[in-house]
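In each ligand, atom 1 is the first atom listed, and ligand 1 is the first ligand listed. Counting begins at 1 with the first residue of the sequence.
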Amino acid sequence: MAQINPSILSADFARLADEAKAVGGADWLHVDVMDNHFVPNLTLGVPIVESLARATDTPLDCHLMIEDPDRWAPQYVEAGAGSVTFHVEAAAAPVRLAREIRAKGARASMALKPATPIEPYEDLLPELDMLLIMTVEPGFGGQAFLDIMLPKIRRTRELISKHGLELWLQVDGGVAESTIERCAEAGADVFVAGSAVYGAADPAAAVASLRARAEAATASAPWACGH
Ligand SMILES: O=C(CO)[C@@H](O)[C@H](O)COP(=O)(O)O
Ligand SMILES: [Fe+2]
């Protein structure tokens, strides 16, 4: 089953509760936390996540683009996030951090920037509930999808199959009607979309349409046989 996670980075920050309701059919709401250090942009932090978690029934998928996630990620679980993603490039102790996120009751997820390979982290995969492959440089919404990430998505899907893991594979950045099928064919099953959802006249219809495209592409993908 393809999951569609609208990114509220492209929503109206003054109306976050309403913007969450506008995508009621979404699987998760993707919340981009940026600290102006790990990435050159600043968004929101723990208090807003806490308020948003109270304001919506849709679970929150927090993508932490911050330094020192070892210190901060557990606080996002306590704030009500159902899934917390840290960047491996920023984490001091990724295994310990993933275990702490899980122990606190959320799904643990690790993200790779475009230039970070998956291979060195093969042995970490069983510690995770989701792996996020960035398909743009993190920091901003509305960027063009990086096609050169498709082989990394394919290789990661092969590793997940090889180890028989129930790991979700998320893609984030430039995911839209024109790119989602290629991501699904390559092996992604969780799709973050910011501008393609909140830039649409009808965000809920955009979620449904992206889901239909992803599911059709997955159905004919070799990796998904018997999935
Ligand atoms: O993490 C990020 C950007 O760093 C994303 O979650 C963006 O918010 C995706 O926006 P679009 O590329 O879909 O417009
Ligand atoms: Fe994101």
Side-chain angles (χ1 to χ4, degrees), residues 2-13 16 19-20 22-23 26-45 48-49 52 58-67 69 72-73 76 81-91 106-116 129-150 152-153 168-184 188-201 203-204 206-207 209-211 213-214:
Q3 300 189 63
I4 308 294
N5 301 7
S7 167
I8 58 160
L9 187 60
S10 298
D12 180 349
F13 273 36
L16 283 182
E19 295 281 64
V23 292
D27 295 279
W28 298 75
L29 266 191
H30 184 83
V31 181
D32 287 309
V33 177
M34 305 185 188
D35 67 352
N36 197 32
H37 290 277
F38 182 71
V39 288
N41 197 2
L42 186 68
T43 55
L44 52 84
I48 291 180
V49 168
L52 191 57
T58 308
L60 303 185
D61 158 32
C62 284
H63 175 194
L64 307 183
M65 285 162 276
I66 60 173
E67 299 288 2
W72 289 104
Y76 285 88
S83 174
V84 177
T85 301
F86 60 86
H87 269 265
V88 69
E89 303 87 356
R107 294 178 63 87
S109 164
M110 191 172 87
L112 308 180
K113 289 167 77 173
T116 305
D129 297 298
M130 184 167 79
L131 190 94
L132 163 53
I133 294 184
M134 289 303 298
T135 43
V136 298
E137 287 298 337
F140 299 93
Q143 301 181 73
F145 178 77
L146 293 172
D147 283 274
I148 55 164
M149 291 300 109
L150 290 168
K152 183 156 85 176
I153 299 169
W168 294 351
L169 182 49
Q170 185 177 65
V171 282
D172 182 11
V175 176
E177 296 271 326
S178 57
T179 55
I180 196 165
E181 285 154 331
R182 277 177 282 159
C183 294
D189 55 6
V190 184
F191 305 87
V192 176
S195 41
V197 170
Y198 283 109
V207 169
S209 171
L210 287 167
R211 191 194 306 287
R213 277 184 189 271

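A donor-acceptor contact closer than 3.5 angstrom is absent between the side chains of Asp61 and His63. Side-chain atoms of Thr43 and Asp32 form no donor-acceptor pair, as typed in the model, at a separation below 3.5 Å.
The structure places CD1 of Ile153 at 6.5 Å from CG of Leu169, a figure rounded to the nearest 0.5 Å. For the atom pair CE of Met130 and OG1 of Thr85, the computed distance is 4.0 Å after rounding to the nearest 0.5 Å. Atoms CD1 and NE2, from Ile4 and His30 in turn, are 13.0 Å apart once rounded to the nearest 0.5 Å. The distance from the CG atom of Leu112 to the CG atom of Asp172 is 12.0 Å, given to the nearest 0.5 Å. Here the CD1 atom belonging to Ile133 is positioned 6.0 Å from the NZ atom belonging to Lys152, to the nearest 0.5 angstrom. The NE2 atom of His37 sits 8.5 Å away from atom CG of Leu42, with the distance rounded to the nearest 0.5 Å.
Excluding waters, the count of protein N/O/S atoms less than 2.8 Å from the Fe ion (ligand 2) comes to 4.
Taking the ring centre of Trp28 as origin, the terminal cationic atom of Arg107 falls outside the region bounded by 6.0 Å and 45° from the ring axis.
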Give every pair formed by an N or O atom of ligand 1 and a protein N or O atom closer than 3.5 Å, one pair per line with both atom names and the distance to 0.1 Å, or write none.
| residue | atom | partner | partner atom | Å |
| --- | --- | --- | --- | --- |
| ligand 1 | 1 (O) | Asp32 | OD1 | 2.9 |
| ligand 1 | 1 (O) | His63 | ND1 | 3.2 |
| ligand 1 | 1 (O) | Asp172 | OD2 | 3.0 |
| ligand 1 | 4 (O) | Gly139 | N | 2.7 |
| ligand 1 | 6 (O) | His30 | NE2 | 3.2 |
| ligand 1 | 6 (O) | Asp32 | OD1 | 3.1 |
| ligand 1 | 6 (O) | Asp32 | OD2 | 2.8 |
| ligand 1 | 6 (O) | Asp172 | OD1 | 2.7 |
| ligand 1 | 6 (O) | Asp172 | OD2 | 2.9 |
| ligand 1 | 8 (O) | Ser7 | OG | 2.9 |
| ligand 1 | 8 (O) | Asp32 | OD2 | 2.9 |
| ligand 1 | 12 (O) | Gly174 | N | 2.8 |
| ligand 1 | 13 (O) | Gly194 | N | 2.8 |
| ligand 1 | 14 (O) | Gly142 | N | 2.9 |
| ligand 1 | 14 (O) | Ser195 | N | 3.0 |
| ligand 1 | 14 (O) | Ser195 | OG | 2.5 |

